[in-house]
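Following: one structure in structure tokens, then a few remarks.
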Amino acid sequence: MNQLFAQVALPVPMRSLFDYQVPSSLQCSIALGMRVLVPFGRRKLVGVVLGLSPDTELAAEKIKTLETLLDDACVLSDLTLEWLNWASQYYQHPLGEVIHTALPVSLRKGQPAVRQQKAWQLTDAGRDTEPASLNRSPRQRALLERLASAPQPHALLLQDFTSSLIKKLTEKGLVEETYLEHLPDPDWPARIELADKPKSNLEQSLAVTAIAHGSDRYSCFLLEGVTGSGKTEVYLQAIEPLLAEGKQVLILVPEIGLTPQTVQRFELRFGLPVGVLHSGLTDNERMLVWQQAREGELGIIIGTRSAIFTPLQSPGMIIVDEEHDSSYKQQDGWRYHARDMAVVRARLEGIPLLLGSATPSLESLNNALSGKYQHLSLKSRAGGAQAVRHQLLDLKGQKLEFGLATAMQQRIRQHLQAGHQVMLFINRRGYAPALICHQCGHVEECRRCDRSYTLHRSLNKLQCHHCGDAKTVPPHCTQCGHVGLQPVGLGTEQLEQGLSSLFPGISTVRIDSDSARGKDKLHSLLDEINQGAHQLLIGTQILAKGHHFPNVSLVVILDVDGALYSADYRAAEKLAQLITQVAGRAGRAHIQGELWLQTHHPQHPLLQDLLHNGYQHFARLALQERRFAALPPFSYQALFRSEANEARQAHEFLMQVKGLLAGRQGLTSIGPLPALMEKRQGRYRMQLLLQSEHRTGIQQHLHGLMSQIEKLPLAGKVRWSLDLDPQDFT
DNA sequence: AGCACGCCGACT
DNA sequence: GTCGGCGTGCTC
């Protein structure tokens, strides 16, 4: 037989495929998209076959032979491979690692992909036994005859025989255990039982009709619906006709939004089991949902970020709920954005994509306003919850204790005395902030860019993260001459320790990603809160997501300025989303909720706009600002990060990367600058930001650059990575 | 990324 | 005399 070589993608951080000789015994059965076990160095790796060819460019002595063919059918379809290949190019991440992330852990480890079920078959002795010889035990005889023609699944046998009977024949050596491939049973469309649905309003009906109109091809919808406007009801009605046709629906939700109630709502409406994928599952549980989805046995699959990789036999629609949520962006390794991956997947599969949010990302909103996506709005709020009152507290010249103004402390006391709960929001700590004058509120700004400087304590410098300009820290305010400029948000870090002295005897609880880590930890904390075990709640973004706090009557956001004057240009957008989400969650019909913002700039146009005109209006204003500043979504970015024990090395590496890009048209590079969190775990972190007006600009320049970078001597010494469409500059 | 090889310091 | 530190280099 002729020689055959397989090009295999392996989970290693290298941008090449690896050639292996295919043993002649496997040449007939091997195909693209199957997994193989191959020798690699002195270990064995599971890889995926991406090419088959009668020849290879590699020297014969280097070629090894693949060890095992792990599948008899492909685990990744042509379409999926095309999708992942695109992703590997777009994110400039090695294809082998991309494929590795897209597979469930069990498959990465080489476990079989087909679902197996326990079954029973006759042994040689069993086949030689005359059924008549068992005439004295008719049940045993019946079982023997049942197995005579073919092995039978365990579950099926139990309908007619007891397990002790099977055991008896096993002990006699006539019957033995075996495994049969599970036969898919995709007959759920026939079992749909629609529950009563609420009467939908005009906006909802319009949205559902619009979606139904485009449901047989790729199209993208942005459903912009204020909190409580019934987005989920639109999802339910939009997928109803698809499910009836036997089409499957994949729903992505934020990490924190995947509650039993969410899942139940879909289950109850259609009377169907829903496949659920989240981080708390075991490898086997994930694998089962993956298999059921692939075999078409599930109509609805709900999951967090990585659920975007769930294979579907007959895809009907993808829904991304709370599409603005930052948990859709992977923050290490391959930094993909599940929402963006969903757009490309929907286009390849030729199915509609529905993005829903009360506070859409500026990216999606821009696509909707420019007509790239269809824009659907839900503006009326169902139910009678009272709107939360928003108010601003001017911090200029105020006495602050642990970041709280005296007037605010009194207000908090009033609410506590009334028996209500109070929620205090602080931004994540450790960020490089702007420098602000507490007397007049003046913020040092870069003259060239009109943007605030960022304070980098270790260098004792102000740096503009927009153009890279640096200057020394001024001794006094350039506006009013006041001496003693302070970083924005000073004191809020000590808030938690200070609360016990400010509010003695009041039970305080902190909720952030650390304290809420672990299975069900967050939920038990939330239960405690709603049962009234704590009166003062301190938290970050996590508190605002998807949970209701009926007894909270006062919400305070301590350092609004931190977001208004952050080097992270998305901070204002995130703040606006936070405020809007919180306003939708606190209080209840009989308690008038209050939301207070502490700021040195109560007249700031973005704040004023948000408070008076709401998120929808604010977002459009913010988009205009982005357009003027040529920031995303009106430009495209890629961020190189580097990290080393010595700041010099991290900096020098990025200087060399910048050097490789020198003189390229249509591409600007900013930096290297210290990361907003300059140091982490004792290592210095620097960043180099690339920006282009066109997406293809970034792509073209990155093409080929990565392999050049890998050849730099420093590339092996510093930890470095590329983040495409960066969302977070920490 | 792993995993080896390789060449310099404190220990049974 | 060795155990072990992590720098460097390779993996079809």
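Here is how names work: the chains are called A, B, and so on, in the same order as the sequence lines, proteins then strands, and each is numbered from 1.
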Looking at every strand, decide which applies to [X] at a 4.0 Å heavy-atom threshold: base, sugar-phosphate, or nothing.
| X | result |
| --- | --- |
| A/Y20 | sugar-phosphate |
| A/L58 | base |
| A/P11 | nothing |
| A/R43 | base |

Item to check | Set of residues satisfying ring pair (Phe, Tyr, Trp, His ring centres under 6.0 Å) with respect to A/F640, sequence neighbours excluded | outcome: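 A/F640 satisfies ring pair (Phe, Tyr, Trp, His ring centres under 6.0 Å) with no other residue.
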Checklist entry - Got A/Q699 and A/Y90 here, is their nearest side-chain heavy-atom distance under 4.5 Å? => result yes
Checklist entry - Taking side chain as C-beta onward, heavy atoms only, is A/P672 less than 4.5 Å from A/F653? => result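 No, their side chains stay 4.5 Å or more apart.
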Checklist entry - Looking at A/R570 and A/E363, does any basic side-chain N land under 4.0 Å from a carboxylate oxygen? => result yes
Checklist entry - Parallel, tilted or perpendicular: which describes the rings of A/F40 and A/F18, with under 30° parallel and over 60° perpendicular? => result perpendicular
Checklist entry - Parallel, tilted or perpendicular: which fits the ring planes of A/F309 and A/Y336, with parallel below 30° and perpendicular above 60°? => result perpendicular
Length of the line joining [X]:[atom1] and [N]:[atom2], which is rounded to integer Å:
| X | N | atom1 | atom2 | result |
| --- | --- | --- | --- | --- |
| A/E646 | C/dG7 | CD | P | 12 Å |
| A/I63 | C/dT11 | CD1 | P | 12 Å |
| A/L50 | C/dC12 | CG | C1' | 14 Å |
| A/L66 | C/dT11 | CG | P | 18 Å |
| A/F40 | C/dC12 | CZ | C1' | 7 Å |
| A/D19 | C/dC12 | CG | P | 11 Å |
| A/L37 | C/dC12 | CG | P | 13 Å |
| A/L714 | C/dT8 | CG | P | 11 Å |

Checklist entry - Are A/K64 and C/dC12 close enough that a side-chain N or O sits under 4.0 Å from OP1 or OP2? => result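 Yes.
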Checklist entry - Just the endpoints, please: which first and last nucleotides of DNA chain B, 5' to 3', lie under 4.0 Å from a heavy atom of chain A? => result B/dA1 to B/dA4
Checklist entry - For A/H337, which residues count as a side chain to side chain contact (heavy atoms under 4.5 Å, CB included) partner, sequence neighbours excluded? => result A/Y91, A/Y328, A/K329, A/R339, A/D340, A/Q727
Checklist entry - Taking the side chain of A/M14 as its heavy atoms from C-beta onward, which of C/dC12, C/dT11, C/dT8 lies nearest to it? => result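 For A/M14, the side-chain atoms sit closest to C/dT11.
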